[in-house]
Amino acid sequence: CREGSARMSRVAITGALSYTGRYLTRLLLDTTPVSSIVSFSSRTNPIASNNITNADLAKIHTTPLTFDDLGNVRRQLEGIDVFYCTYWIRFEANGDTHQKAAARIRGVFEAAAAAGVKKVVFSAHNRMRTDSPYSYIAGKATAVESLREVSAATGMSYAVVRPCGLNDAHPSGRPLLSQGDIAVGRINRADVADLLTRMLFEPEAVGTTFETIALPGYPVPRGFGQQLARLGRDGDVGKTAPDAAQAVLDGGGVRPEFR
């Protein structure tokens, strides 16, 4: 088990058996003392093979993500330590929009806070701006703003991870963390899932939004505290662009210990 993981027992994921979720589920079951996973989805089998066994499936409670019944969402989240949110819609269709998706997910964040969830880890998008001409990105930026507002009002912790150039054909490697939309590169879903898992045990990640790419062929550090410490927490005006650049240099160096 990873250092600092002994206190965690229950997690929830929006789609524990979907594209990124299946990698995340495998890592949580293999490397943390997770006793059960709540999967907000109608899917009861992995979307693709990832060595999820019948014994693993027995630890996963599947329930619909009922946007029209947030009381049910709150009940399902009671007793959950960490809630991973990867929910989003790819296209606007049949009157549904990315802004409507952002409003729906705000309700879920509020339900999580009411249920006593300790931390939300949200997988977002790089180069997010609420005024982006791309509705997909503007909607996700609105969702992140909602998460920050709910956190400020309730004290629920969060971290926002912004994968850049998500591509499963990209070789695995060492994640580099940065801020300020300076990252250029790619990362695959397996590496994103590994990073999401590790954010559970990084106190420096609380209240932080950062982008990430992966440096192929380089080993993954035991922890990301050094990189995260160079980054600013949301609303922190004390961090500067050189701090973010140094975080990238720290990530690409060989000073930290590796697993």
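Remember, it's a predicted structure, so these values are computed and weren't measured experimentally. Just so you know, residue 1 is the first one in the sequence shown, and it goes up from there.
- For the pair D81 and R10, the salt-bridge criterion is not met [side-chain N within less than 4.0 Å of a carboxylate O].
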Original post:
Would V220 and R198 satisfy side-chain contact (heavy atoms from CB on, under 4.5 Å), going step by step from the backbone distance to the final call?
Top reply: CA-CA 11 Å; V220 179; R198 289 164 176 273; 3.6 Å; yes
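- Between the NZ atom in K59 and the CG atom in L28 there is a gap of 11.0 Å [rounded to 0.5 Å].
- Closest heavy-atom contact between A111 and V73: CB-CG1, 4.0 Å.
- Ion pairing of E78 with R74 is present here, as a side-chain N (NZ or NE/NH1/NH2) and a carboxylate O approach within less than 4.0 Å.
- Using modelled atom types and a 3.5 Å distance limit, the side chains of E211 and S178 yield a donor-acceptor pair.
- L228 and V206 sit in two unconnected hydrophobic clusters of ILVMFWY residues. Membership requires side-chain heavy atoms under 4.5 Å apart, directly or through other members.
- Judged purely by atom type and a 3.5 angstrom limit, T25 has no side-chain atom pairing as donor or acceptor with the backbone of R22.
- I213 has its side chain out of reach of P175: every pair of non-hydrogen atoms, C-beta onward, lies at least 4.5 Å apart.
- At a threshold of 4.5 Å between non-hydrogen side-chain atoms, the residues P216 and H170 count as touching.
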Subject >> Audit row: D30, L27, side-chain contact (heavy atoms from CB on, under 4.5 Å) steps and yes/no >> reply: CA-CA 5 Å; D30 284 349; L27 284 165; 5.8 Å; no
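- One hydrophobic cluster, built from ILVMFWY side chains closer than 4.5 Å, holds both V108 and I89.
- Taking the ring axis of Y23 as reference, the NZ or CZ atom of R189 does not stay both within 45° of it and closer than 6.0 Å to the ring centre.
- Side-chain contact of S132 with R127: a donor-acceptor pair under 3.5 Å is absent, judged by distance alone.
- The side-chain heavy atoms of P221 and R174, taken from C-beta on, include a pair separated by under 4.5 Å.
- Between the K118 side chain and the F83 main chain, no donor and acceptor come within less than 3.5 Å of each other.
- One finds the CG atom of L177 at 11.0 Å from the CD atom of Q226 (value rounded to the nearest 0.5 Å).
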Show which side-chain atoms of residues 134-143 pair as donor or acceptor with protein atoms under 3.5 Å away, not counting sequence neighbours.
residue, atom, partner, partner atom, Å
S135, OG, H98, ND1, 2.9
K140, NZ, S123, O, 3.2
K140, NZ, A124, O, 3.4
T142, OG1, Q99, OE1, 3.4
T142, OG1, Q99, NE2, 3.4
T142, OG1, A138, O, 3.0

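- There is a side-chain donor-acceptor pair under 3.5 Å between S172 and N188.
- Within the 3.5 Å criterion, the main-chain N or O of R106 finds no donor-acceptor partner in the side chain of S146.
- For the side chain to side chain contact (heavy atoms under 4.5 Å, CB included) with T209, the lone residue among L231, L147, V160 that qualifies is V160.
- With rounding to the nearest 0.5 Å, the separation of CD in E202 from CZ in F224 is 7.5 Å.
- A donor and an acceptor atom, one from each side chain of T197 and D194, are nowhere located under 3.5 Å apart.
- The heavy-atom pair separating D191 from P171 by the smallest distance is OD2-O, 4.2 Å.
- Under 3.5 Å, the side chains of T14 and T86 contain a donor-acceptor pair of N or O atoms.
- Between Y84 and L196, the closest heavy-atom pair is OH-O, 3.1 Å.
- When atom types are taken as modelled, the side chain of S151 and the backbone of M156 share a donor-acceptor pair closer than 3.5 angstrom.
- Contact detail for P163 and I187: the closest heavy-atom pair is CB-CG2, 4.0 Å.
- Considering all non-hydrogen atoms of both residues, A12 and F40 come closest at CB-CE1, 4.0 Å.
- To the nearest 0.5 Å, atom CG of residue L70 and atom CD of residue Q76 are 12.5 Å apart.
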**OP:** Apply side-chain contact (heavy atoms from CB on, under 4.5 Å) to the pair I52 and L17, showing each step before the final yes or no.
**Re:** CA-CA 9 Å; I52 302 290; L17 301 173; 4.3 Å; yes
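- The six-membered or imidazole ring of F67 lies near that of Y87, with a centre-to-centre distance under 6.0 Å.
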**OP:** Walk me through it: do E204 and R233 pass the test side-chain contact (heavy atoms from CB on, under 4.5 Å)?
**Re:** CA-CA 8 Å; E204 293 284 355; R233 295 193 176 186; 4.3 Å; yes
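- Taking the six-membered ring for Trp, Y158 and F109 have ring centres at least 6.0 Å apart.
- When all heavy atoms of A205 and A159 are compared, the pair lying nearest together is O-CB, 3.5 Å.
- Considering only heavy atoms from C-beta on, I80 comes within 4.5 Å of V38 through its side chain.
- Residues meeting the side-chain hydrogen bond (donor to acceptor under 3.5 Å, both in side chains) test with T66, sequence neighbours left out: N72.
- There is a path of hydrophobic side-chain contacts, each under 4.5 Å, that joins L195 to L29.
- One hydrophobic cluster holds both I13 and I60 under the rule that ILVMFWY side chains link at heavy-atom gaps under 4.5 Å.
- At a threshold of 4.0 Å, the pair R104-D96 counts as salt-bridged, since one of the basic side-chain nitrogens sits closer than that to a carboxylate oxygen.
- The number of heavy-atom neighbours closer than 6.0 Å to CZ of R186, taken from other residues, nucleotides and ligands shown, is 12 or below.
- At least one donor-acceptor pair closer than 3.5 Å links the side chain of T212 to the backbone N or O of L176.
- Placement of V121 and V150 in two distinct hydrophobic clusters is found when ILVMFWY residues are connected by side-chain heavy-atom separations under 4.5 Å, directly or transitively.
- Two residues are said to be in side-chain contact when any heavy atoms from C-beta on lie closer than 4.5 Å; V161 and F122 fail this criterion.
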